[in-house]
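Down below is the structure, laid out as structure tokens.
When reading the values below, keep in mind they use all heavy atoms of this one structure, side chains included, and skip hydrogens, waters and symmetry mates.
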2 protein chains.
Amino acid sequence: MHAPDPARPASPTSRDRPAVTLREVAQRAGVSMITVSRAINTPQQVSERTRERVQEAVSALGYVPNLVAGGLRSARSHVVTALVPTLTGPLFGGMVQALTDALELRGFQVMVGQVGYAHSREDELLRAIVGRRPDGIVLTGVMHSPEGRRLLMASGIPVVETWDFTDTPIDMLVGLRHEALGAAVCEHLFAKGRRRLALLSGGDERAARRAQGFEAAAMRLGLRPPAMRLGKSPTTHADGRAGLMALLADMPDIDAVFCSSDMLALGVLTEARVRGIAVPQQLAVMGFGDIDFAETVSPALSTVRIDGTRMGQTAAQWIADRAEGKAVAQPVVDIGFSIVERGSS
Amino acid sequence: MHAPDPARPASPTSRDRPAVTLREVAQRAGVSMITVSRAINTPQQVSERTRERVQEAVSALGYVPNLVAGGLRSARSHVVTALVPTLTGPLFGGMVQALTDALELRGFQVMVGQVGYAHSREDELLRAIVGRRPDGIVLTGVMHSPEGRRLLMASGIPVVETWDFTDTPIDMLVGLRHEALGAAVCEHLFAKGRRRLALLSGGDERAARRAQGFEAAAMRLGLRPPAMRLGKSPTTHADGRAGLMALLADMPDIDAVFCSSDMLALGVLTEARVRGIAVPQQLAVMGFGDIDFAETVSPALSTVRIDGTRMGQTAAQWIADRAEGKAVAQPVVDIGFSIVERGSS
DNA sequence: CTGAAAGCGCTTACAG
DNA sequence: CTGAAAGCGCTTACAG
């Protein structure tokens, strides 16, 4: 299906003259280096005539300031690093977007790093990140590795943990209690008359705690133990299909399934349709995350929504405030969750 | 649904002692700074006894080398920046993952930046990125802005454009021809006996060129002009549902729809099912991207697959080679595409 | 409004 | 195997 193109060898040297520096701009403009720096960063401190001459030199030479050098001296990188388990999934995109937008307005650039759910490379990645001295670090989930906690605390860099809750945050925290969420979903299904519950869950820590909360609530309500199937994270549509099959093989009479992600829930919806199981009449299905198309599938997916935008905005404000030397009044916030009832339950 | 937590004011000063530097490690170990540097970066150049003393000091003080300072002096940042239109969509995740994995093995860290499809902030973001002097820049799509092209070419930084094709790349390019792809899909549908084609497309440039190729092929084949509906990017499931409704309102007898993304195609599948239109009997549906669950929806989605992993690996190798001073033999590659035939067509 | 000197924390280049 | 000096490209802190 493809025809390779004729070779066009790229010479590494042809584009490799050294970058233009402040010194060259200063020479061309006939002023000192510090004056060029001011003309660029704090133009109101410089006379109009000087400003114009500097601007001419900047344009003529194509000068792009080396922000790394500036950051080294001023001890302000204007970079904030966000770590997410996966870039592919839909869950964290909204938070990162909000974080990026809010920090950009305050002069920061957000760089995203991918950790994976496995955490094997986490400490190593953390050293690479701390070594670049960002002005803030946003973590997805709480940090458990003692080594990682020590590293971050010792670094002095403002840290925001998100998407989870703990009484011992490294620094700041905006998140939610997943056990409470699981329990609330269970109570919701109970209130809707469901009695024979099932649970389909990915293997990450937050999903596991949602599962615990769900199960505990079922016991409190006097229900029989939920049929459970635990898999791995990230979860897929295929896992959802296979999961419903397995649950039905174990307990054919289940009347509700809580899935640890919307993607799993969509797989369950597909499998139910293929098998002729009526949703929600025979089986209620609930997801987690409120993926953007949960509302437009058919039946529309009931789910639990987390305000990722607010999480991102909160983290942005905290980090920008700290970078400007302001204290954060309330650096631990539980943003909660909301159950979104749609056609599938 | 949520109860705010008791306030726990965070003092910005409590965590703000300055970071440990090489000098302090050197003093504690009783050696010079350069010896500490060697013990960390090229341990084979240092005696075992010295190495041990340095390691003791590093651990005791919790030293994390400042990579920014090192990068400034050595003119090697070991950072590669990738720019994607959106972090939320599924399309670019595989490429970024492959890029990250491959570059990590060669000692680089990948930072991802989000550009959006609008390109309004593109030049500004580019200056912020070039200003940090990464060892490579990976772009999604080809760069058109003359200002952006000039900036990147003048920077001397290795640049790889991806996901598209042009005869005038900035530097290196691994991508595909979207017009050819659109034409191939049209010919495929024709070969399957479809004659009354329709097209549902997002508004980004590559989608527009797939649409052009599709339409041109239809005319060459002597078909009637495809029913077309063009929207915006990123595309959504809801756009797919609304799009099929609109296409049917225009031309009720269409027998095939090519969608510019799998997400649109999934919306079309949902809308078709709700309306009782049999897929693929009455209507063939094809997507683009081979999203991870295209295979497990029902009917399974026919689509076009791009090898994002290979694109990411290729870009990684080129950039790492260039950073090591090697020339890249064939810096322009068309990786093509493959049509994946499943149940929906 | 402008500038000379010092310094951010490392690595390079040279020397022994 | 080890080190003293210089320098990467900026900004800070001081001075006028």
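Nearest to the side-chain atoms of B:Met33 among the listed nucleotides C:dT11, C:dC1, D:dT2 stands C:dT11. Nearest to the side-chain atoms of A:Asn66 among the listed nucleotides C:dG9, C:dA13, D:dC10 stands D:dC10. The side chain of B:Ala69 lies closest to C:dG9 when the candidates are D:dT2, C:dG9, C:dG3. Among the nucleotides C:dC10, D:dT11, C:dC1, the one closest to any side-chain atom of B:Leu22 is C:dC10. Closest to the side chain of B:Ser74, out of C:dT12, D:dC10, C:dC1, is C:dT12.
Among the atoms of the strands shown, only primed sugar atoms or phosphate atoms (P, OP1, OP2) are found under 4.0 Å from some heavy atom of B:Gln44. Contacts of B:Val68 with the nucleic acid, taken as non-hydrogen atoms under 4.0 Å apart, are absent.
Rounded to whole angstrom, the span from the OH atom of A:Tyr63 across to the P atom of D:dC10 amounts to 3 Å.
Annotated stems with DNA chain D as a participant read C:1-3 with D:14-16, C:5-12 with D:5-12, C:14-16 with D:1-3, given as range with range, by first number; only runs of 3 or more Watson-Crick or G-U pairs under 3.5 Å qualify.
At least one side-chain nitrogen or oxygen of A:Ser37 sits closer than 4.0 Å to the OP1 or OP2 atom of D:dT11. Within the 4.0 Å cut-off from OP1 or OP2 of D:dG9, not a single side-chain nitrogen or oxygen of A:Thr21 is found.
A salt bridge between A:Arg53 and A:Glu56 is absent, with no side-chain N of the basic residue lying under 4.0 Å from a carboxylate O of the acidic one.
In terms of position along DNA chain D, the nucleotide closest to B:Arg51 lies nearer the 5' end than the nucleotide closest to the other residue of the pair B:Arg51 and B:Arg133. Remark on DNA chain D: of its neighbouring residues B:Val31 and A:Gly71, the 5'-side contact belongs to B:Val31, judged by nearest-heavy-atom nucleotide.
Looking at B:Arg38, its side chain comes within 3.5 Å of the base of D:dG3 through a donor and an acceptor atom.
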